[in-house]
2 protein chains.
Amino acid sequence: MLSKKSQYAFRALTTLARHQGKGPLPISKIVKEHPMSVKFLETILLELRKNDILGSRKGKGGGYFLLRPPEKISLAQIIRILDGPIAPLKCVSLNFYERCEDCNEVSCGLNKLMAEVRDAKLKVLVNRTLRELI
Amino acid sequence: MLSKKSQYAFRALTTLARHQGKGPLPISKIVKEHPMSVKFLETILLELRKNDILGSRKGKGGGYFLLRPPEKISLAQIIRILDGPIAPLKCVSLNFYERCEDCNEVSCGLNKLMAEVRDAKLKVLVNRTLRELI
DNA sequence: GCTTAATCCTACATAATCTATAGGGTTAAG
DNA sequence: CTTAACCCTATAGATTATGTAGGATTAAGC
């Protein structure tokens with residue numbers, strides 16, 4: 001399940017995508033379109049900025065903006081930043097790999113099937129971008 | 001991400017699937033193959049029994065057994081019982097549907113994309129069964 | 001019948017994570 | 001100098017995940 005963080009992020013990103021190329025958009029404007037806690041959204045957008053999805057400008061007239069065009073930002077990138085692994089198990093994660101302690105990866109049937117699930121999810125999440133969200 | 005509950009369940013179910021047709025298998029035997037908390041596994045198997053995946057026999061010589069052959073038990077069934085929805089959002093869940101409060105489902109672009117993710121996951125999880133886990 | 005070994009039931013404890021808030025610091029326009 | 005914005009980090013509160021406890025019930029086999 002998507003976290004609230006990711007859900008809120010997608011809403012805000014939709015607005016930012018529609019506003020793309022028109023300069024920075026402040027949080028105050030975003031929450032007018034999508035009612036939610038300003039402070040919570042702030043931490044979310046900050047995290048997206050630290051991960052090079054968003055840029056920002058401080059001070060009056062400042063705000064956030066996409067660093068790339070919407071069609072270059074996949075849903076997978078956003079979800080990985082805010083929710084972590086897309087794979088159902090760390091031991092088959094491409095970006096958050098961790099070894100299983102108590103199951104042998106070679107003989108474990110589950111990881112093979114979960115790798116299939118991972119690929120099925122990625123096929124959608126990598127190819128779908130903010131463009132499709134608008 | 002799969003919960004520990006589901007992970008433990010799949011390990012136990014693998015053992016039960018291999019033992020299928022040979023009578024009930026007690027928890028004590030299962031944990032010998034897969035070291036884990038007996039009590040925790042007990043609650044898991046109980047939940048699977050209440051959801052008609054497993055049968056049980058009480059008393060000495062008792063234990064658990066699959067109610068159907070392994071190839072008739074999909075991974076999706078198990079995950080839904082122990083982890084809930086397979087869809088990334090309740091508003092696109094087939095088995096755990098709940099209306100979104102603060103987004104319009106008709107115009108919301110996210111739910112369409114998340115329905116695609118759901119279908120991609122289901123395609124694997126419905127067609128893969130305990131048979132493939134052995 | 002008694003012993004033993006099993007499931008059944010449910011409440012609770014503990015830990016981890018998610019969600020949200022707080023409070024101030026920094027920056028820049030006008 | 002005022003105002004409006006982002007920046008940073010800690011922490012509170014709620015929820016969920018994980019695991020434990022303790023006994024009740026059942027049935028086999030001697």
Side-chain angles (χ1 to χ4, degrees), chain A residues 1-9 11-12 16 19 23-32 34-67 79 81-85 88-90 96 98 101-102, chain B residues 1-9 11-12 16 19 23-32 34-67 79 81-85 88-90 96 98 101-102:
Chain A
M1 291 272 290
L2 269 194
S3 68
K4 291 277 181 197
K5 253 162 95 172
S6 284
Q7 291 181 54
Y8 292 162
R11 290 185 202 169
L16 286 168
H19 194 261
L25 194 64
I27 288 181
S28 57
K29 287 274 177 55
I30 297 175
V31 296
K32 256 174 201 154
H34 308 287
M36 64 175 106
S37 157
V38 171
K39 277 298 203 179
F40 194 31
L41 181 57
E42 198 182 327
T43 62
I44 294 168
L45 297 187
L46 218 44
E47 208 167 343
L48 292 177
R49 195 219 47 167
K50 285 182 184 163
N51 284 276
D52 302 318
I53 301 295
L54 299 178
S56 66
R57 224 174 66 197
K58 280 186 174 185
K60 202 169 182 176
Y64 291 93
F65 50 90
L66 299 184
L67 283 181
I79 292 173
I81 291 168
L82 297 172
D83 284 2
L89 295 175
K90 289 265 179 73
F96 298 85
E98 275 178 29
E101 310 106 21
D102 39 344
Chain B
M1 291 272 292
L2 270 195
S3 68
K4 291 277 180 196
K5 252 161 96 172
S6 284
Q7 291 181 54
Y8 291 162
R11 289 186 203 167
L16 286 167
H19 194 261
L25 195 63
I27 290 182
S28 57
K29 286 274 175 59
I30 297 175
V31 297
K32 256 172 202 160
H34 307 286
M36 64 177 103
S37 156
V38 170
K39 278 298 203 179
F40 193 30
L41 181 57
E42 196 182 326
T43 63
I44 295 169
L45 296 187
L46 217 43
E47 208 167 342
L48 291 177
R49 196 220 48 170
K50 284 181 182 163
N51 284 276
D52 301 318
I53 301 296
L54 298 179
S56 65
R57 224 174 65 197
K58 281 187 175 184
K60 200 169 183 177
Y64 291 93
F65 48 91
L66 299 183
L67 282 181
I79 291 173
I81 291 168
L82 298 173
D83 283 1
L89 294 174
K90 289 265 178 74
F96 299 85
E98 275 178 29
E101 312 107 19
D102 39 345

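Numbers restart at 1 for each chain; the letters A, B, ... are given by sequence-line order, proteins then strands. Quick caveat, the model's predicted, so the values are computed rather than measured.
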Using whole Å, report how far [atom1] of [X] lies from [atom2] of [N].
{"X": "Glu47(B)", "N": "dC9(C)", "atom1": "CD", "atom2": "P", "answer": "13 Å"}
{"X": "Leu25(A)", "N": "dA4(D)", "atom1": "CG", "atom2": "C1'", "answer": "14 Å"}
{"X": "Ile44(A)", "N": "dC8(D)", "atom1": "CD1", "atom2": "P", "answer": "17 Å"}
{"X": "Lys32(B)", "N": "dA5(C)", "atom1": "NZ", "atom2": "P", "answer": "11 Å"}
{"X": "Met36(A)", "N": "dT21(C)", "atom1": "CE", "atom2": "P", "answer": "12 Å"}
{"X": "Ile27(B)", "N": "dT7(C)", "atom1": "CD1", "atom2": "P", "answer": "4 Å"}
{"X": "Lys29(B)", "N": "dA6(C)", "atom1": "NZ", "atom2": "P", "answer": "7 Å"}
{"X": "Met1(B)", "N": "dA16(C)", "atom1": "CE", "atom2": "P", "answer": "15 Å"}

Query raised in the report: So does Ser56(B) get a side-chain nitrogen or oxygen closer than 4.0 Å to the phosphate oxygens (OP1/OP2) of dA6(C)?
Result: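 It does not, given that no N or O in the side chain of Ser56(B) lies less than 4.0 Å from OP1 or OP2 of dA6(C).
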Query raised in the report: Does Ser28(A) have a side-chain nitrogen or oxygen under 4.0 Å from the phosphate oxygens OP1 or OP2 of dA5(D)?
Result: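 Affirmative; the distance criterion is met.
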Approximate separation, where rounding is to 0.5 Å, of [X] [atom1] and [Y] [atom2]:
{"X": "Lys4(A)", "Y": "Ile44(A)", "atom1": "NZ", "atom2": "CD1", "answer": "11.0 Å"}
{"X": "Lys5(B)", "Y": "Ile81(B)", "atom1": "NZ", "atom2": "CD1", "answer": "11.0 Å"}
{"X": "Met1(B)", "Y": "Asp83(B)", "atom1": "CE", "atom2": "CG", "answer": "10.5 Å"}
{"X": "Met36(A)", "Y": "Ile27(A)", "atom1": "CE", "atom2": "CD1", "answer": "9.5 Å"}

Query raised in the report: Can a donor-acceptor pair under 3.5 Å be found between the side-chain atoms of Glu42(A) and the base atoms of dC6(D)?
Result: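 Check fails, no donor-acceptor contact within cut-off.
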Query raised in the report: Just by modelled atom types, is the Ser3(B) backbone N or O under 3.5 Å from a matching donor or acceptor in the Ser6(B) side chain?
Result: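 It does not hold such a pair.
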Query raised in the report: Within the side chain of Asn51(A), is there an N or O that forms a donor-acceptor pair under 3.5 Å with the backbone of Glu47(A)?
Result: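 Checked: pair present.
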Query raised in the report: If you measure from the Lys or Arg side-chain nitrogens to the Asp or Glu carboxylate oxygens, is any gap between Lys39(A) and Glu42(A) under 4.0 Å?
Result: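 A salt bridge links Lys39(A) with Glu42(A).
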Report summary line: 5' to 3', nucleotides 9-20 of chain D under a 4.0 Å protein heavy-atom cut-off (B base, S sugar-phosphate only, - none) gives ---------SBB
Query raised in the report: Just wondering, do Leu67(A) and Ile53(A) contact through their side chains at under 4.5 Å, heavy atoms?
Result: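 Ile53(A) does not reach Leu67(A) side chain to side chain.
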Query raised in the report: Does the side-chain contact (heavy atoms from CB on, under 4.5 Å) test come out yes or no for Leu48(B) and Leu82(B), once each step is laid out?
Result: CA-CA 8 Å; Leu48(B) 291 177; Leu82(B) 298 173; 4.2 Å; yes
Distances under 3.5 Å only, N/O to N/O: pair up the protein atoms with those of nucleotides 25-29 of chain D.
from    : atom 1 : to       : atom 2 : distance (Å)
dT26(D) : O2     : Gly59(B) : N      : 3.4

